[in-house]
Amino acid sequence: MLDRKFVVENLDLVEENCRRRGAKADVRAFAELEAQRKAKQAEVDELNRQANAVSKSIGKAKDAEEREARKNEGRALREQTTAAAAELEQIAAEADAILRTMPNLSHPDAPVGETDESNLELRRGKHEPPKFDFKPLDHVEVAEKLDLIDFEGGAKVAGHGFYFLKNDAVLLELALQRYALEVLLKEGFAPTITPDMARNEILHGTGYIPRGPETQIYSIADTDLSLVATAEITLGGLLSGEILEADRLPIKYCGISHCYRTEAGAGGRAARGLYRVHQFTKVEMFAFTLPDESEAMLDYFCELECRLFDGLGLAYRVVDTATGDLGGPAYRKFDLEAWMPGRGESGEYGEVTSTSNCTDYQARRLGIRSRTGEKGTAFVHTLNGTAIAISRALVALLENYQQADGSVVVPDALRPWVGKDRIAAV
RNA sequence: GGAUGGGUGGCCGAGUGGUCUAAGGCGGCGGUCUUGAAAACCGCUGUACGGGAAACCGUACCGGGGGUUCGAAUCCCUCCCCAUCCGCCA
């Protein structure tokens with residue numbers, strides 16, 4: 001969430017930012033409530049002060065009679081305090097509800113626009129899309145011929161959007177994890193395998209809404225837990241409530257987790273095969289940085305994503321995400337879109353990774369601060385980035401490396417872990 | 001899942017109803033001494049919000065939430081977490 005004081009002092013700026021990001025937050029109403037909150041807080045503080053003074057005087061009272069009189073005085077004050085505190089809570093809750101609907105500020109260079117159609121292509125990877133002397137199949141057909149993915153089996157046991165990876169697809173998944181991990185370990189990321197569930201409080205802190213009609217999140221009945229949509233949630237939550245010494249920063253984690261998404265409201269969008277599924281595995285990067293280090297870290301994350309996909313020999317483009325498509329927490333976001341020959345009429349770019357600088361938006365809610373010199377603390381900045389989302393990477397690999405005979409060539413980078421250079425029908 | 005014991009400041013740790021404005025120690029910062037350093041000694045050293053030009057003052061915070069009381073780190077309820085033992089189990 002945003003800093004409440006900043007919002008009050010920059011009403012026009014925040015309103016304009018909400019407009020650009022397609023968020024309907026009543027910024028003016030918030031400012032009004034915030035003024036009321038401050039006044040009520042002062043009232044509660046003053047009543048508390050008086051009540052404390054009375055309480056202290058009771059211990060020093062001369063006789064029983066005076067003690068009784070003082071007690072009555074104290075009781076009356078505490079009643080007033082309780083009433084004022086209840087009003088304060090009411091006002092604060094209303095103000096917070098509005099504050100939570102305000103998205104993060106936006107990087108001045110982020111393209112302004114309502115949808116992903118305004119996204120700005122920044123550059124392309126070092127590989128060209130492959131040329132085929134046959135009509136390339138989409139990944140569902142490629143996988144079908146090689147018996148790599150069982151969508152019907154997935155639907156039978158868990159419904160549409162679930163699948164079994166089979167045979168060499170299993171090796172591909174594990175190889176992709178190892179490949180990504182290898183690169184990230186060399187870069188100094190602390191590797192983790194995170195919980196696949198998190199408390200709803202942590203979800204909120206990272207900007208995910210666990211309940212409601214449009215939620216992307218599966219919640220676990222009769223508990224305070226939800227299935228995570230990404231390891232960003234668990235990794236961000238890992239240091240919640242902590243004050244970090246500045247010399248520990250930046251802290252870089254990578255985390256492997258399963259990701260669960262309801263995809264509510266995604267009906268009609270390209271949903272064939274592995275592209276949009278309810279469960280997949282992802283290797284995620286996450287960093288906590290000092291405020292003035294986050295922009296460089298975002299570029300670094302993006303560069304690592306490029307390196308990973310260049311290393312797989314896949315063609316991609318990097319786009320700067322438009323304001324309307326940034327979601328709540330991101331200040332700036334870069335996506336990698338890999339070339340998918342089987343997508344659309346004759347191939348299209350499809351999103352495979354995403355990296356965001358969330359500045360202090362998540363850290364404020366999660367209470368993650370750094371010590372700044374002698375006195376005081378500052379909220380850290382948090383960043384996340386996809387190293388490899390396995391399902392989307394499989395789409396790209398199967399479609400780009402398919403051969404005329406129906407087999408799929410294994411890219412060099414994955415051969416050590418797949419143990420073969422080609423996946424062919426048995 | 002059951003039993004027992006715990007959760008206190010950056011860290012360790014004392015504290016069973018009002019002088020808690022949380023002892024003591026460690027670490028950190030400043031100073032004295034010293035050519036310099038170490039040691040010793042002295043002082044300072046939590047977070048947030050509000051007020052103030054500042055010094056400083058006020059309020060809240062002792063795992064989270066609720067309760068009893070004029071007053072709670074302390075008593076009660078509840079939840080979470082940690083340790084140990086038992087049960088179950090990959």
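Everything numeric here is computed off the predicted structure, so don't read it as measured data. Numbers restart at 1 for each chain; the letters A, B, ... are given by sequence-line order, proteins then strands.
- When rounded to the nearest whole Å, the span between CZ of A:Arg248 and P of B:G10 equals 14 Å.
- The partner of B:G17 cannot be assigned: no Watson-Crick or G-U wobble pair with both contacts below 3.5 Å exists in any strand.
- One P atom belongs to B:A23, the other to B:C81, and the distance between them is 31 Å to the nearest Å.
- Rounded to a whole angstrom, the distance from the P atom of B:G52 to that of B:G71 is 30 Å.
- Across all strands shown, B:A83 is found opposite B:U4 as a Watson-Crick or G-U wobble partner, with both distances under 3.5 Å.
- Nucleotide B:G58: paired with B:C49 (Watson-Crick or G-U wobble, both distances less than 3.5 Å).
- B:A22 makes up no base pair with any nucleotide shown, lacking Watson-Crick or G-U wobble contacts both under 3.5 Å.
- One interatomic measurement links the two molecules: CZ of A:Arg70 to P of B:G71, which rounds to 15 Å at whole-angstrom precision.
- The side chain of A:Arg369 has B:A48 as its nearest neighbour among B:G18, B:G50, B:A48.
- For B:U69, the OP1/OP2 oxygens have no side-chain nitrogen or oxygen of A:Ser55 closer than 4.0 Å.
- Nucleotides B:G27 and B:G13 are separated by 14 Å at their C1' atoms, to the nearest Å.
- Closest-nucleotide positions on RNA chain B for A:Asn48 and A:Arg78 were compared, and the one nearer the 5' end corresponds to A:Asn48.
- Checking each of A:Arg21, A:Lys24, A:Arg20, A:Arg28 against A:Glu15 for a salt bridge (Lys or Arg N to Asp or Glu O under 4.0 Å) leaves exactly one that passes, namely A:Arg28.
- A heavy-atom distance below 4.5 Å is found between the side chains of A:Leu77 and A:Leu47.
- Whole-Å rounding puts the A:Leu225 CG to B:C81 C1' distance at 14 Å.
- Considering only the side chain of A:Arg199, B:C81 comes nearest among B:G58, B:G18, B:C81.
- Comparing the P positions of B:G24 and B:G46 gives an interatomic distance of 14 Å, to the nearest angstrom.
- When heavy atoms are screened at a 4.0 angstrom cut-off, A:Asn52 is found touching the sugar-phosphate backbone but no base atom.
- Of the nucleotides present, B:C29 is the one that pairs with B:G43 by Watson-Crick or G-U wobble criteria, both distances under 3.5 Å.
- At the heavy-atom level, A:Lys5 lies under 4.0 Å from the strands shown only through sugar-phosphate atoms.
- Distance check on atom P: B:C20 versus B:G1 gives 42 Å, rounded to whole Å.
- For A:Lys38, the side-chain atoms get nearest to B:G50 when compared with the rest of B:G50, B:G18, B:U59.
- One finds a salt bridge joining A:Glu43 and A:Lys40 here, because a Lys/Arg side-chain nitrogen approaches an Asp/Glu carboxylate oxygen to under 4.0 Å.
- Where A:Val54 and A:Arg49 each meet RNA chain B at their nearest nucleotide, the meeting point lying more 5' is that of A:Arg49.
- Residues A:Arg343 and A:Asp138 are not paired through a salt bridge, judged by the lack of any N-O separation under 4.0 Å between the basic side chain and the carboxylate.
- Using the six-membered ring where Trp is involved, A:Phe162 and A:His278 have ring planes that are tilted, between 30° and 60° apart.
- Taking the C1' atom of each, B:C29 and B:G10 are spaced 13 Å apart, rounded to whole Å.
- The CD-P distance, from A:Glu46 to B:U59, rounds to 9 Å in whole Å.
- Taking atom P in both B:G9 and B:G63, the straight-line distance is 8 Å, to the nearest Å.
- Comparing the C1' positions of B:C62 and B:A14 gives a spacing of 13 Å, expressed to the nearest Å.
- Note: CD (A:Glu79) to C1' (B:G71) measures 15 Å, nearest angstrom.
- Here B:G18 presents its C1' atom at 12 Å from NZ of A:Lys71, a figure rounded to the nearest Å.
- What separates CD of A:Glu245 from P of B:U47 is a distance of 11 Å, to the nearest Å.
- Distance A:Asp360 CG to B:A48 C1': 16 Å, rounded to the nearest Å.
- Using a 4.0 Å cut-off between charged nitrogen and carboxylate oxygen, A:Arg307 and A:Glu187 count as a salt-bridge pair.
- Using a 4.5 Å cut-off on side-chain heavy atoms (C-beta onward), A:Tyr361 and A:Tyr331 make no contact.
- B:G36: no Watson-Crick or G-U partner with both key distances under 3.5 Å is found in any strand.
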